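Have a look at the structure below, then the notes.
Here the structure is a predicted model, which is why all the values come from computation and not from measurement. One is the number of the first residue; the rest follow in order along the sequence. We count ligands from 1, going down the list as the structure has it; atoms in each ligand are counted the same way.
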Amino acid sequence: MAERIAIIDTPAHTGSEVTVSGWVDTKRDHGKISFVDLRDRSAKVQVVLVPASLDEESKELMKAIRPEWVIELRGLVKARPEKLVNKDLPTGTIEMEAYSIKVLNEAITPVIPLDQEKSEINEESRLQYRYLDLRRESMLANLQARHKTIKFIRDFLDARGFWEVETPYMTKSTPEGARDFVIPSRKQPGTFYALPQSPQQYKQLLMTSGVEKYFQVARCFRDEDTRKDRQPEFTQLDLEMSFVEEEDVMSLNEQMLIELVQTYFPEKKIQQIPFPRISYAEAMEKYGSDRPDLREDKDDSNLLAFCWVVDFPQFEKTEEGTWTFSHNPFSAPKPEYLQDLMNENNIGEILAAQYDIALNGFEIGGGSIRNHQVAPLKKVLEIIGFTEESAEEAFGHMFAAFESGTPPHGGIAWGLDRLVAILQAEDNIREVMAFPKTGDGRDPMMVSPSAISTDQLMELGIKVQPIDKK
Ligand code: ASP
């Protein structure tokens, strides 16, 4: 293929002949002359098609091309006369005069209108034709912002000695308070892997291994009732560090968020630096929420009000009146509450070394310093109702690891989808995911979940039975 330049770069080639390729965005015929807006992911450019300037074959093609056809176009970049300059377009100082057109692929009329606001199209159709829906400028911009966010995180953490380590997706249940998605095993009939609700146990075990500074852009799976800002699979920035206290994890993450915003979202304003810190008790009392929205001007779409929420209770009461963990069972109590934990004193008053980070009323992350010794971890499990045997069965590998020289450690995880959605001023995390699921957990494009063949079921030793969905 001919050497191609990005459409955004066309103004820099004013006076020269260049090749561009992309999609026909719009075509307007004016008698003998046609105007095409040609689009690639970088920008759109106006192209004038005049038969006299075109080679023979292109003269015919000029009549045939339609919106969304993929074409390569060779032509001259010409400065527009002053009064025709379009300041709203990045290529508005020029237009192209076409010399030749090559059709790379034809296209049927788009099955969903791409020139309509996405909010006007029902989401089922948007997801069924997601490959088209993503062609929108705003959707490509969301994917780019997500890419840049992840790239920034990787560079920031790499520069500070963190290693990205991948942990398994086929694993065993690790509790984060949701249901597991499970995968049946063919080789061990009747047994199941669980998809991770988070890499929590693995990242802690990497601290036992001496990795010291770990992170991962990790997919997590939680079988919850999908809400506006929840998805069955989502992405976390997951991070763990050894030889640290709460302050170390919080200041590193605060710095990373500040630099991320300043580097890639310069139009945004962070309301308060350092981020304010509020205790859970104060947040609940003052704002009735553990993810308070502290924005001074809620109409300012560029305002970012980060805040840390700290001093969470370690345990909370279940509906049945028993104790459960408030975040995850691995969090350590704040050091001054260790004795109370060990003695089971004032259980409801014990505060955990847990910190959440809220942004404009959403929880965008949370983490804790962990129990790195076996006794307090076993005590937490005992309080939430594990017997010695059931604790051993579920977490025996963690006990063994913690008895084998595990350093003090702690970490955090960010909900990356939610963070990017807020930074892109989208109110739904699906807008910043390439291929999300519907509210009831389906993918209308791939048509999943779907039934599997009787042969597959037999191989797995599974018989499907109707269930009462109440
Ligand atoms: N595993 C926790 C979560 O997914 C985060 C953490 O404590 O690091 O919310």
Considering only protein heavy atoms, which is closest to [atom], and at what distance to one decimal place?
atom                   : value
atom 5 (C) of ligand 1 : Gly366 O, 3.4 Å
atom 7 (O) of ligand 1 : Arg370 NH1, 2.8 Å
atom 3 (C) of ligand 1 : Glu176 OE1, 3.5 Å

Side chain or backbone of Glu363 under 4.0 Å from ligand 1, or both, or neither, by non-hydrogen atoms?
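None of Glu363 does.
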So which bit of Ser198 gets within less than 4.0 Å of ligand 1, heavy atoms only: side chain, backbone, both or neither?
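Only the side chain of Ser198 comes within reach of ligand 1.
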Please confirm whether [X] comes within less than 3.5 Å of ligand 1 when only nitrogen or oxygen atoms on both sides are compared.
X      : value
Gln197 : no
Asp238 : no
Glu240 : no

Can [X] and [Y] be counted as an ion pair, charged N to O under 4.0 angstrom?
X      : Y      : result
Glu431 : Lys118 : yes
Arg418 : Glu363 : no
Arg146 : Asp417 : yes

Contact atoms of ligand 1, heavy-atom distance to [X] under 4.0 Å:
X      : value
Ala413 : 5 (C), 8 (O)
Lys203 : 6 (C), 8 (O)
Asn328 : 1 (N), 2 (C), 7 (O)
Gly367 : 6 (C), 7 (O)
Ile412 : 8 (O)

For a quick check under 3.5 Å, do Glu212 and His409 share a side-chain donor-acceptor pair by atom type?
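Glu212 vs His409: no donor-acceptor pair found between side chains.
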How about Thr26 and Asp37: does a side-chain donor come under 3.5 Å of a side-chain acceptor?
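Indeed, the side chains of Thr26 and Asp37 share at least one donor-acceptor pair under 3.5 Å.
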Is the closest heavy atom of His327 to ligand 1 under 4.0 Å?
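No, that is not the case, since the closest heavy atom of the residue is not under 4.0 Å from the ligand.
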Check contact between Gln201 and ligand 1, using heavy atoms of the residue and a distance below 4.0 angstrom.
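Judged by the 4.0 Å heavy-atom criterion, Gln201 does not count as contacting ligand 1.
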Is the Lys NZ or Arg CZ of [X] less than 6.0 Å from the centre of [Y]'s six-membered ring, within 45° of the axis?
X      : Y      : result
Lys378 : Phe399 : yes
Lys213 : Trp163 : no
Arg126 : Tyr129 : no

Atom CG of Leu359 and atom CG of Leu303: how far apart are they, to the nearest 0.5 Å?
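The CG atom of Leu303 is 9.5 Å from CG of Leu359, to the nearest 0.5 Å.
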Return each pair, listed once, that meets salt bridge (Lys or Arg N to Asp or Glu O under 4.0 Å) where at least one residue sits in residues 198-208; pairs must be two or more places apart or across chains.
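Every salt bridge (Lys or Arg N to Asp or Glu O under 4.0 Å) pair that includes a residue of residues 198-208, provided the two are not neighbours, is Lys203-Asp238, Lys203-Glu240.
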